Structures are given as structure tokens and as C-alpha cells.
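These numbers come from a predicted model, not from an experiment.
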Amino acid sequence: MKRTSPIHIDWKPDRKNSKPVYQQIIQFVCDKVASGEWPIGTRLPSQRKMAELFGINRSTVTTAIDELASYGIIVGCHGAGTQIASNTWSLLLSPAPDWSRFISSGFFQENNNTIQAINRLEFVPNIMRLGTGELDPRLFPSDMWQNILQKVSRQVTSLGYLEPLGLLELRKAISAYMEKLGIIAPPSCILITSGALQALQLISVCLLQSGSTVFTEAPTYLKSLQVFQSAGMKLSGVPMDKEGMQYWKLASALKADRLQGSSILYTIPTNQNPTGITMPDSRRKDLMNFCVENRLPIIEDGAYHELCYDGQPPIPLKAIDKTGTVIYLGSASKTLAPGLRIGWIIAPEPIVQRLGDVKMQMDYGASSISQWIFAEFLESGLYSKYLSDLKCELRRRRDHALAVLDKYYQELAEWNIPIGGFYIWLTFKDNVQMERLFEKAAKAGILLNPGDMYDFERNNSLRLSYAYTSCEEFENGIVKLAQIIKEIM
């Protein structure tokens with residue numbers, strides 16, 4: 001609830017503390033906001049009044065206020081003084097991350113043996129990839145691509161470094177495109193990244209403290225990565241049902257975690273990877289209310305949001321975000337081409353500016369030519385046309401895959417029916433030794449993605465993909481796999 005008059009402050013900075021006074025003020029304000037004592041809309045005393053209360057020069061207060069404003073934590077409102085503007089992501093910008101501690105860790109944690117084997121086997125000639133999270137290369141729009149390249153070759157006269165947030169023309173095009181999905185984001189709130197995975201890396205090293213907890217669905221694509229664990233964070237799985245994450249089961253874990261450090265929520269609410277589950281609008285609204293109430297920042301991964309075949313996709317969480325709680329990740333990897341290496345982050349401007357600064361330290365910007373190419377795809381309208389054709393083909397493949405499973409796996413397993421995306425989550429009725437199945441299938445020329453690599457505990461599932469194989473190839477592989485399963489059961 002907004003306060004109509006400035007709050008009373010009975011705190012003073014410690015002159016004997018080695019920390020500069022302006023930093024003590026910043027920490028004091030952040031602590032009050034983080035604890036919930038000062039909610040969004042809380043009015044602060046004037047700078048002159050705070051200087052009197054603290055017994056310090058007004059210039060010191062001004063320095064602290066300016067830095068808090070740069071984080072997006074406070075904002076000056078005409079006729080209403082200075083107010084608290086954000087109580088989630090902006091708090092994570094202060095203090096600055098300890099880069100030396102991160103660098104001294106020295107390496108990313110290695111993938112588990114199954115994931116390393118998959119990364120090798122994907123490049124074995126003629127292997128049938130039944131779980132790959134990638135589009136069939138034969139769906140690549142070659143004619144459209146040549147048309148785009150010809151246009152770009154006439155427009156681009158140099159390929160120098162671009163500004164920290166990325167090509168302005170592309171950010172404008174993404175802004176207009178996102179508006180069609182219900183997300184209002186000016187170009188200043190968009191950062192171009194080298195794929196969505198880099199977005200997660202930026203967030204992990206720039207916004208999160210070592211020891212933070214990342215809550216996410218169980219199972220989740222994030223479990224197959226080491227990006228957060230390598231930065232000293234821990235993952236905590238939240239159970240799912242047919243409508244997605246059971247967010248209410250977070251309450252007790254969140255309360256306990258508050259005592260240890262910061263927490264965030266990572267979710268793929270639309271065509272979730274690996275289960276294919278899509279969260280309905282009603283649960284999205286309830287989840288958003290829960291996170292706002294608990295000041296729990298959200299990373300919304302929208303990699304598969306555009307790939308809904310049955311009706312309109314649900315509204316993104318970011319589209320109903322009124323408090324800057326959600327950071328949205330978009331990507332061209334799942335729809336157009338993974339090798340383009342173009343993704344984007346949508347977040348409050350102070351967050352985007354900080355992430356953009358760190359990205360410049362990492363690689364000095366995403367590929368210039370890739371940014372020009374994707375901008376032309378969006379501005380020309382060819383991307384929307386291509387996406388429409390792609391969804392028709394993927395719907396055909398999904399329907400055929402479901403029919404094949406109905407024909408051959410009724411006695412062996414159960415599975416979901418996704419409204420889009422790439423994946424069918426299949427769970428065997430009887431126990432199957434996944435390691436043995438993976439090895440025997442690989443020897444038979446079939447590459448699988450066992451469900452264990454996405455989960456927090458052993459399961460009896462497979463992530464199947466109909467996006468990489470033709471209908472005939474998928475059926476041949478599924479029939480062959482059924483024979484292998486019966487041999488080892």
C-alpha cells in the first residue's frame with residue numbers, strides 16, 4: 001500500500017565503520033526494501049531532511065540517492081517526491097558482484113557422462129536423434145535466407161562493433177514483435193545476447209550472489225546445464241502437474257531460504273522443456289501474484305512461446321508484470337536457426353544496462369551480421385510467414401508422433417499431449433534401466449535423451465522430440481526402440 005506521507009527514519013550511519021557513509025545509506029535502504037518494510041510506493045523524506053536526520057552533508061545523501069536511482073530501486077515522481085520503485089531484481093544490483101571471486105573459481109562444472117555422450121553422438125553420421133532439442137535442418141528456409149542475405153548485403157556497409165545493448169534496428173524490431181505477444185518493452189529495455197544460454201550466464205554472474213537458490217520446475221532443462229551451479233548457486237526443484245509448476249509448494253522452502261540468501265524463480269511456462277507442459281492463464285496470474293507478494297524475481301524463458309499450434313498461446317508472464325518482477329528471455333534458436341546465435345533479454349532498464357556492460361566485458365557484443373540478418377527477417381515480415389509454415393509442419397509431425405505412440409506403446413508407457421514446442425514426455429509403466437537402454441539404443445543407431453538428466457531424482461522417462469526427424473524416421477526409430485525395450489525388461 002502506498003504511503004501518503006514520507007516514512008519516519010530513526011537510523012543513522014556509523015561514522016566509525018570503514019564502509020563509506022553513502023554506501024551505508026544504500027545498504028540501509030536496500031535492507032528495508034528487501035525485508036518488505038518499505039513496499040513499492042513508499043515515499044522517502046527529502047534529501048535535505050535525510051541529511052539533517054543522518055547528521056551529514058546533503059551531497060553524501062545525493063550520491064546515495066543517485067546510485068539507488070541508477071539501480072532502479074527508487075524513482076523521483078513529480079509532485080510526490082522520491083519513492084520506492086522496485087523490490088525484486090534491482091536489489092540484486094547492489095552491491096556490485098565480486099568478479100575476482102567468480103574468476104578464481106577457474107572453470108565451469110563439467111556435464112554428466114550422459115550429456116557428454118549425447119554431445120559427441122549427435123555428430124555421428126546417420127544416427128537417429130529421437131530427443132534432440134533442435135529443428136530438422138531440412139526445414140531451414142533456404143530460399144528465404146538467400147533473399148534476406150541479398151537485402152542485408154546491400155544495406156550493410158561495415159561490420160564494426162555495435163553499441164552495448166545491441167543493434168538498435170534489431171531492438172526496435174524485437175520491441176514491435178514482442179508487443180504482438182502482449183509485452184511492452186522499449187528498445188532501451190532490450191539487450192541482444194549470443195543466444196538465450198548467454199543470457200543465463202550474464203544473470204548468474206551479474207545479478208546473483210554465490211549461494212543463491214534458483215527455484216525451477218522439476219524436471220527442467222536447467223538441470224541439464226551447469227551454468228548456475230558453476231557460479232556457486234544451487235537448484236531446487238518444484239513439482240509439476242498437468243498445468244505446470246505447483247508454485248504454492250514453494251512457500252516453506254522460500255521462507256527457509258530467506259535466512260540464507262537471495263532466491264529467484266526460473267520457469268518455462270509455455271511448451272516446457274522437457275515435459276511439453278503449458279501453464280494456463282489462470283495459474284500464470286496466481287504465480288505472478290505469489291512472486292510479487294514474496295518479492296521473488298522471475299526469469300521467464302520464452303524459447304518455445306511462439307511454437308503453439310493449437311490456438312493462441314497463453315499470455316507471457318512478462319505481459320502481466322507491473323512491478324519489474326520478470327526478466328524475459330527470447331531466442332531465435334528454436335524457431336529459425338541455432339547457429340544464428342541471437343537471443344534477447346527484456347528487463348527494467350537499469351538491469352539491462354548492467355547486463356549490457358558485463359556482456360561487453362565478455363565478448364564485446366553478439367555477431368553484427370547475425371543481428372542485421374534477424375532484424376531484416378522481422379522487419380520484412382518474412383519471419384512471421386516462415387513461423388506460420390513451420391508451425392503447420394511441426395503440428396503434422398506432432399500428430400503423427402502421437403499416433404505412432406498410440407499404435408506401438410499403449411502397453412509400455414504413458415505420455416502427454418503438448419499444444420506445441422518440440423517435446424513429448426514419455427514415462428514407462430514398468431521400471432526400465434535407463435543407462436542400459438541408452439547404451440543399447442546408441443549401439444543400434446538411436447540417440448535418446450533420458451529423463452534423468454532433467455530431473456532432481458531418478459525417473460523412468462524419456463524426452464522425445466518430433467522436431468528433428470521426419471515422420472517416417474520417427475516411426476522407424478520408435479518401432480526399433482520398442483524392440484530394444486522389450487529385450488531389456
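When each of Pro418, Ser461, Pro219 is checked for a side chain to side chain contact (heavy atoms under 4.5 Å, CB included) with Thr275, only Pro219 meets the rule. The ring pair (Phe, Tyr, Trp, His ring centres under 6.0 Å) with Phe290 is formed by just one residue from the set Phe215, Trp248, Tyr247; it is Tyr247.
Rounded to the nearest 0.5 Å, atoms CE (Met50) and OG1 (Thr60) are 12.0 Å apart. Atoms CG and CZ, from Leu336 and Phe374 in turn, are 6.5 Å apart once rounded to the nearest 0.5 Å. A distance of 7.0 Å separates CD1 in Ile203 from CD1 in Ile264, rounded to the nearest 0.5 Å. To the nearest 0.5 angstrom, Leu296 atom CG is 5.5 Å from Leu254 atom CG.
Ring orientation note: the planes of Trp11 and Phe28 are close to parallel, at an angle under 30° on the 30°/60° scale. A perpendicular orientation is assigned to the rings of Tyr161 and Tyr364, their planes being inclined by more than 60° (bins at 30° and 60°).
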For this session: Begin with the C-alpha distance, continue with both residues' side-chain angles, and end with the deciding distance and a verdict on side-chain contact (heavy atoms from CB on, under 4.5 Å) for Phe422 and Glu134.
Result: CA-CA 8 Å; Phe422 290 179; Glu134 186 180 337; 5.6 Å; no

For this session: Give the intermediate values and the outcome of side chain to side chain donor-acceptor pair (under 3.5 Å) for residues Ser384 and Tyr177.
Result: CA-CA 9 Å; Ser384 295; Tyr177 186 76; 5.1 Å; no

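Using modelled atom types, one side-chain atom of Arg395 and one backbone atom of Tyr309 make a donor-acceptor pair closer than 3.5 Å. Using modelled atom types, no side-chain atom of Ser212 and backbone atom of Met233 make a donor-acceptor pair closer than 3.5 Å. With hydrogens and angles disregarded, a donor-acceptor distance shorter than 3.5 Å links the side chain of Trp89 to the backbone of Thr325. Looking at Arg283, its side chain does come within 3.5 Å of a backbone N or O of Gly244 through a donor-acceptor pair. Side chain of Thr213 to main chain of Lys234: no donor-acceptor pair is present (N/O by atom type, distance under 3.5 Å, no hydrogens or angles). The backbone N or O of Val292 lies less than 3.5 Å from no partner atom in the side chain of Arg295, so there is not a single donor-acceptor pair.
Residues His305 and Tyr328 meet the side-chain proximity criterion, which asks for heavy atoms closer than 4.5 Å. Residues Thr82 and Leu68 fail the side-chain proximity criterion, which asks for heavy atoms closer than 4.5 Å. A 4.5 Å side-chain heavy-atom check between Ile346 and Glu300 finds every atom pair outside the cut-off. Looking at heavy atoms from C-beta onward, Val326 lies out of side-chain contact with Thr88 at the 4.5 angstrom threshold. Put simply, the side chain of Asp301 does not reach to within 4.5 Å of the side chain of Leu222, judged on heavy atoms. Counting only heavy atoms from C-beta outward, the side chains of Pro239 and Gln246 approach each other to under 4.5 Å. Residues Thr220 and Gln272 have side chains in contact (heavy-atom distance under 4.5 Å, counting atoms from C-beta outward). Using a 4.5 Å cut-off on side-chain heavy atoms (C-beta onward), Phe54 and Gln24 make no contact.
A salt bridge links Asp310 to Arg398: one of the charged nitrogens lies within less than 4.0 Å of a carboxylate oxygen. Taking the charged nitrogens against the carboxylate oxygens, Glu379 and Lys151 have no contact shorter than 4.0 Å, which rules out a salt bridge. A salt bridge links Asp321 with Lys318: the closest approach of a Lys/Arg side-chain nitrogen to an acidic carboxylate oxygen falls below 4.0 angstrom. Under a 4.0 Å N-O distance rule, the pair Lys285/Asp281 does not qualify as a salt bridge.
Between the side chains of Arg284 and Thr267, no donor-acceptor pair is found at a separation under 3.5 Å. Looking at Tyr454 and Asn459, their side chains never bring a donor and an acceptor atom within 3.5 Å of each other. In this structure, a donor-acceptor pair under 3.5 Å is absent between the side chains of Gln198 and Thr193. When only modelled atom types and interatomic distance are considered, Asp357 and Gln361 share a side-chain donor-acceptor pair under 3.5 Å.
Taking the six-membered ring for Trp and the full ring otherwise, Phe377 and Tyr386 have centroids separated by 6.0 Å or more. Side-chain rings of Tyr423 and Tyr304 approach one another, their centers coming within less than 6.0 Å.
What you find for Gln47 and Thr62 is that their closest heavy atoms are OE1-OG1, 2.7 Å. A pairwise comparison of heavy atoms in Leu191 and Pro164 identifies CD1-O, 3.5 Å as the closest pair. The shortest heavy-atom contact between Ile192 and Gly166 is CG1-CA, 4.0 Å. The two residues Ile74 and Ile84 make their nearest non-hydrogen contact at CG2-CD1, 3.8 Å. For the residue pair Asp455 and Ala218, the shortest heavy atom distance occurs at OD1-CB, 4.0 Å.
With a 6.0 Å radius and a threshold of 12 heavy atoms from other residues, nucleotides or ligands, Lys172 has its NZ atom at or below the threshold.
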